[in-house]
Amino acid sequence: MILPATTKNVKLSISENQDRLSDLPDCVILHILSFLNAKHAVQTCVLSTRYENLWKRIPVLILDSSESNFRTLKIFTEFVSNVLSHRDSSISLQTLNFKRKHGRLEPQIIKNIVDYALSHNVQQLGLCFNGNIVQTLPSMFSSQSLTHLNLSIYPSGGYQEWFPKSFNLPALTNLRIENFIFYIGDDDRAEPFSIFNSNVSSLKHVDIHAEVKQYHEKSPLLLSRWLREFANIKSLTVSATTLQVLSLIPNLSQISPPSLGNLKSLKVKMEELTPGFRMTLLDAKLHNAESKNERKRLRKKFKEEGSGSLIPDGIVNFLLQNSPSAEVEFIDCTSQPLRADIIRVLADAALEAIYETIAEVG
């Protein structure tokens with residue numbers, strides 16, 4: 001088919017200096033800025049008069065010093081205080097993620113951050129730092145707006161933080177906690193997740209990484225009872241160590257499995273077991289052994305194979321007895337550090353490209 005020649009010449013030209021971002025509405029630019037670390041988002045204020053106050057209205061605050069953005073802890077804490085004091089207080093806060101891996105933070109700084117987030121009806125809150133969180137617990141665990149809570153707290157001296165005995169988070173759907181110790185109630189339940197002390201019926205997604213540093217016969221039973229409290233969750237992510245702890249329950253086949261009737265997805269993180277945890281597993285199995293010959297066999301097997309398979313036989317089927325339609329995914333985390341580095345480089349490159357694009361049109 002031969003097309004007739006057009007009677008008009010169409011000319012398209014795009015200026016190299018054309019400001020393509022200026023035509024975007026503020027809501028789109030704010031969405032772009034929400035992916036940036038707060039430091040980079042604030043720096044856009046020098047691009048033009050339009051950007052001078054735009055960063056103050058972003059609904060997401062990422063306060064992360066882990067990428068060496070701040071030379072000292074003092075500079076970082078001053079920056080955080082300035083961001084919170086200058087942000088537009090009329091704008092609700094959807095997400096606040098705070099991360100400081102190095103240097104101990106003063107409790108008052110953490111309290112100021114949490115109080116600010118809660119006073120602006122934050123929905124997703126993430127905290128990862130070295131310090132003390134005791135002052136913030138009462139207000140944090142009575143929030144009516146929190147839907148996602150992610151806590152990784154590392155107090156100085158190697159001591160773990162005590163998780164509160166009760167909480168009231170009626171909107172909570174996602175919970176991730178790391179490096180906490182739980183109180184044990186009179187019924188041998190972990191206090192905050194006892195149905196008598198807390199309402200966790202709204203939880204839909206749970207991620208558990210359990211590890212026993214010193215074996216106690218109640219530890220695996222506590223984990224099993226803990227799982228029963230999450231009857232309404234739709235997705236469950238567990239580590240290999242969690243399944244190993246659960247497998248230490250004597251006569252597991254005679255124990256009532258977790259209900260998990262609404263479970264749609266089970267993800268198992270296949271991560272290497274630490275040498276210390278392997279020794280704890282051996283001690284636990286030796287404790288439960290019924291004869292000298294069995295203990296001798298266990299020691300020989302441990303010497304030859306370590307702790308054996310990452311996933312104990314039958315443990316996944318035990319979890320899914322009441323949710324046979326749930327999809328199971330095994331995630332290989334043995335090379336996770338390398339993949340994490342690659343992902344971080346790609347993410348940094350993408351964010352830098354966005355930042356450079358904004359800078360070019362300023």
Side-chain angles (χ1 to χ4, degrees), residues 13-103 105-106 108-129 131 150 340-362:
S13 64
I14 300 177
S15 172
E16 293 182 357
N17 296 322
Q18 182 177 355
D19 184 352
R20 292 172 293 176
L21 287 181
S22 291
D23 294 332
L24 296 176
D26 284 357
C27 62
V28 175
I29 296 181
L30 286 171
H31 181 68
I32 294 174
L33 295 181
S34 296
F35 289 95
L36 299 178
N37 194 321
K39 179 181 180 181
H40 297 148
V42 172
Q43 286 175 336
T44 62
C45 69
V46 301
L47 300 180
S48 68
T49 55
R50 181 186 182 187
Y51 288 93
E52 185 175 354
N53 295 308
L54 199 59
W55 72 267
K56 299 177 182 179
R57 296 164 49 200
I58 55 177
V60 175
L61 281 181
I62 303 175
L63 303 168
D64 187 351
S65 70
S66 62
E67 300 299 332
S68 302
N69 292 316
F70 302 90
R71 294 190 302 274
T72 66
L73 178 59
K74 181 180 180 181
I75 294 175
F76 177 60
T77 54
E78 289 178 352
F79 170 77
V80 171
S81 297
N82 287 329
V83 168
L84 298 184
S85 62
H86 288 88
R87 184 179 177 274
D88 189 341
S89 60
S90 66
I91 304 298
S92 63
L93 192 59
Q94 295 177 6
T95 302
L96 189 149
N97 286 323
F98 177 85
K99 181 183 291 185
R100 175 73 187 187
K101 290 185 176 180
H102 305 291
L105 293 171
E106 292 299 324
Q108 188 60 44
I109 296 296
I110 302 302
K111 187 176 187 304
N112 292 344
I113 293 172
V114 174
D115 287 348
Y116 179 89
L118 297 178
S119 66
H120 290 76
N121 299 317
V122 67
Q123 298 174 28
Q124 302 185 32
L125 178 63
L127 300 173
C128 178
F129 63 91
N150 187 341
D341 289 342
I342 295 174
I343 293 173
R344 183 158 50 272
V345 170
L346 293 175
D348 288 345
L351 292 177
E352 188 65 25
I354 294 174
Y355 180 69
E356 289 178 354
T357 300
I358 296 175
E360 289 174 359
V361 300

Which residues satisfy the ring-ring contact (aromatic ring centres under 6.0 Å, His included) test with F98, sequence neighbours excluded? F76
What pair of heavy atoms forms the shortest contact from [X] to [Y], and how long is it?
X    : Y    : answer
A38  : L63  : CB-CD2, 3.6 Å
R100 : T72  : NH2-C, 4.1 Å
L93  : A117 : CD2-CA, 4.0 Å

Under the side chain to side chain donor-acceptor pair (under 3.5 Å) rule, collect the residues that match up with N150, sequence neighbours excluded. none
Is there a side-chain contact between N97 and D64 in this structure, where contact means two heavy atoms from C-beta onward sitting under 4.5 Å apart? no
For a 4.5 angstrom cut-off between non-hydrogen side-chain atoms, does L61 reach R87? yes
Euclidean distance, [Y] [atom2] relative to [X] [atom1], rounded to 0.5 Å:
X    : Y    : atom1 : atom2 : result
C45  : E52  : SG    : CD    : 7.0 Å
R50  : T44  : CZ    : OG1   : 11.0 Å
Q124 : L96  : CD    : CG    : 11.0 Å
I32  : I58  : CD1   : CD1   : 12.5 Å
F129 : I109 : CZ    : CD1   : 11.0 Å
I75  : S65  : CD1   : OG    : 11.5 Å

With W55 as reference, evaluate I29, L30, V83, D88 under the side chain to side chain contact (heavy atoms under 4.5 Å, CB included) test and give the passing residue. V83
Pairs meeting criterion side-chain hydrogen bond (donor to acceptor under 3.5 Å, both in side chains) with involvement of residues 74-86, two or more places apart: none
